[in-house]
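See below for the structure under consideration.
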Amino acid sequence: MLKIPSHQVAGHHASSATRGPLIDDSGRFYKPLQGDERGSAEVTFYDQFTSNTQIPDHIRKFFPIYYGTKVMQASDGSEHPHIVLEDLTTHRENPTIMDIKIGSRTWGPDASNAYIEKCMKRDRETTTVKLGFRISGLQIYINEGVGYYKPTRDLVLKSSVDDVRLFFKKFVSSDPNVESGMGPDRDLASVVYGGPNGILAQLLELKAWFEDQTIYHFSACSLLFMFEKGLVLEGGSPNAQVKIIDFAHVTEDVTV
C-alpha cells in the first residue's frame, strides 16, 4: 500500500490534486520526476553516482539508497515516472527533522534566465543570500501527548536571520513547549549537534569531501538533519544523522 509520507517537511506534498512523494511499507520512497530537464538530470545523477567507484563508502552513507525508477499509476489512471529511493525515516519512531537548502546560488549551470530570475527572487526573500542557506521545513517532536511542532511553510521561508537562530535552538530543546515565552533551553545541543557522532562532526566529514572532490558540481541540494528526541529524553543515543538530498541541478564535471 502506498501512502503519503507523514514526516515530509518540505517540497511538494501529495494530494488528490497534486502529485507528490509516496512511501510504502517496505521502506521505499517514490519521488515523482519533475516534468522538465530537472527530472532526467536527477535520474542521471543517481545512475552515475551509484556506479561510480570513485565515491568512498564513508561518503555514500550521506546519500539515499537508489533503487532505480518506476512508472506508477495515479488514481485518475494517468501514469508518471518516479525515482525510487530509500525512505530515510522508515526506521525512526518520532523523528525530529530539519530540511535546509544549502548554497548561496540555487540554480544549476544550465538554467534559463527566467529560472535564474525566479530563484534569485526567492533567495533574496529568504536567508539564502545573507546566510548561504535557508530552512525549507522542520518538525520537532514534543511528546506522545502533544505530537509535533511543525511550523507552516510560509512561516519557515519568511524567517529572518534571528528566526533561523531560534529554530536551531528549538530543534535541540528539551522543553515540551517550544513556543514558550521563556525560549528554548537547548539542553540537547551537546548530544545532537556535538560529540563524535553528532551533526557537526558529520557535516565536517561531508565538507572535507566536498572541498576535495572534483567529480560533480552540486547546486541547490538540501541537507536533512534528523534525530530521535524521545530516545535522548530517556537517556539513550539521539541517533543523529545527516543526509544530502535533491540532485536535480547536479552536473558531472566534464573538465576532469
Side-chain angles (χ1 to χ4, degrees), residues 5-13 20-21 29 31 62-64 88-89 92 94-107 118-142 146-180 183-189 191-194 198-204 206-207 210 218-229 232 238-250:
S6 57
H7 300 304
Q8 182 182 349
V9 298
H12 297 290
H13 292 255
F29 181 92
K31 178 181 180 180
F62 292 108
F63 293 76
L88 298 174
T89 65
R92 293 181 177 269
N94 298 294
T96 290
I97 303 172
M98 186 185 297
D99 183 307
I100 301 172
K101 179 71 71 176
I102 54 174
S104 57
R105 193 185 80 172
T106 56
W107 61 89
K118 177 182 176 181
C119 290
M120 289 181 67
K121 181 177 184 297
R122 172 61 59 86
D123 294 346
R124 295 189 189 104
E125 292 172 347
T126 61
T127 61
T128 291
V129 171
K130 292 181 179 179
L131 297 178
F133 70 88
R134 65 173 178 258
I135 299 176
S136 298
L138 75 157
Q139 69 173 28
I140 299 171
Y141 178 68
I142 307 302
V146 175
Y148 293 93
Y149 164 65
K150 197 170 185 175
T152 65
R153 174 182 171 86
D154 283 346
L155 178 63
V156 174
L157 290 178
K158 291 177 181 177
S159 300
S160 66
V161 173
D162 287 338
D163 293 331
V164 168
R165 185 179 293 111
L166 183 60
F167 279 136
F168 274 99
K169 293 177 182 178
K170 289 181 176 182
F171 191 69
V172 291
S173 175
S174 65
D175 185 354
N177 185 9
V178 294
E179 291 294 84
S180 169
D185 56 35
R186 295 171 286 174
D187 281 357
L188 311 181
V191 294
V192 175
Y193 292 141
I199 286 175
L200 180 57
Q202 295 178 54
L203 287 176
L204 290 174
L206 190 58
K207 176 177 177 285
F210 269 103
F218 287 90
S219 302
C221 299
S222 293
L223 290 172
L224 281 184
F225 296 170
M226 299 177 286
F227 78 98
E228 293 279 2
K229 186 175 182 179
V232 186
N239 192 18
Q241 191 175 43
V242 173
K243 291 285 187 176
I244 183 168
I245 59 172
D246 297 336
F247 306 109
H249 300 285
V250 177

With distance as the sole test, does [X] use its side chain to make a donor-acceptor pair with the main-chain N or O of [Y] at under 3.5 Å?
X    : Y    : result
S222 : I245 : no
Q8   : A10  : yes
S173 : D185 : yes
T89  : R92  : no
K101 : A220 : yes

TODO: Could you check F167 against L138 for side-chain contact (heavy atoms from CB on, under 4.5 Å), going step by step and ending with a plain yes or no?
DONE: CA-CA 9 Å; F167 279 136; L138 75 157; 4.1 Å; yes

Task: K31 with D246: basic N within carboxylate O range, under 4.0 Å - done: yes

Any side-chain heavy atom of [X] within less than 4.5 Å of one from [Y]?
X    : Y    : result
P95  : H7   : yes
M226 : L88  : yes
S219 : W107 : no
P21  : F29  : yes
Y148 : N94  : yes
V146 : Y141 : no
D187 : V172 : no
Q139 : T96  : no

State the [atom1]-[atom2] distance between [X] and [Y], to the nearest 0.5 angstrom.
X    : Y    : atom1 : atom2 : result
I97  : I100 : CD1   : CD1   : 12.5 Å
C119 : H249 : SG    : NE2   : 6.0 Å
F168 : D163 : CZ    : CG    : 12.5 Å
K207 : L203 : NZ    : CG    : 10.5 Å
N239 : F227 : CG    : CZ    : 11.0 Å
K243 : L223 : NZ    : CG    : 12.0 Å

TODO: Determine whether more than 12 heavy atoms belonging to other residues, nucleotides or ligands lie under 6.0 Å from atom CZ of R186.
DONE: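 Open: at most 12 neighbouring heavy atoms sit under 6.0 Å from CZ of R186.
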
- [ ] Decide side-chain contact (heavy atoms from CB on, under 4.5 Å) for L224 and V242; before the verdict, give the C-alpha distance in whole Å, the side-chain angles of both, and the deciding distance to 0.1 Å.
- [x] CA-CA 6 Å; L224 281 184; V242 173; over 6 Å; no

TODO: Before giving the answer on side-chain hydrogen bond (donor to acceptor under 3.5 Å, both in side chains), spell out for R134 and T127 the whole-Å C-alpha distance, their side-chain angles and the decisive distance to 0.1 Å.
DONE: CA-CA 5 Å; R134 65 173 178 258; T127 61; over 6 Å; no

Task: Output field: ring centroids F225/Y193 closer than 6.0 Å - done: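 Centroid distance F225-Y193: not below 6.0 Å, so no.
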
Open item on the list: Is the ring pair F247/F63 parallel, tilted or perpendicular, if the boundaries are 30 and 60 degrees?
Closed with: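 The arrangement is parallel - the two ring planes meet at less than 30°.
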
- [ ] Take V9 and K150, measure what side-chain contact (heavy atoms from CB on, under 4.5 Å) needs, and give me the verdict at the end.
- [x] CA-CA 8 Å; V9 298; K150 197 170 185 175; 4.1 Å; yes

Open item on the list: What verdict does the side-chain contact (heavy atoms from CB on, under 4.5 Å) test give for L131 and V164, after you've listed the backbone C-alpha separation in whole Å, the side-chain angles of each residue and the deciding distance to 0.1 Å?
Closed with: CA-CA 10 Å; L131 297 178; V164 168; 4.2 Å; yes

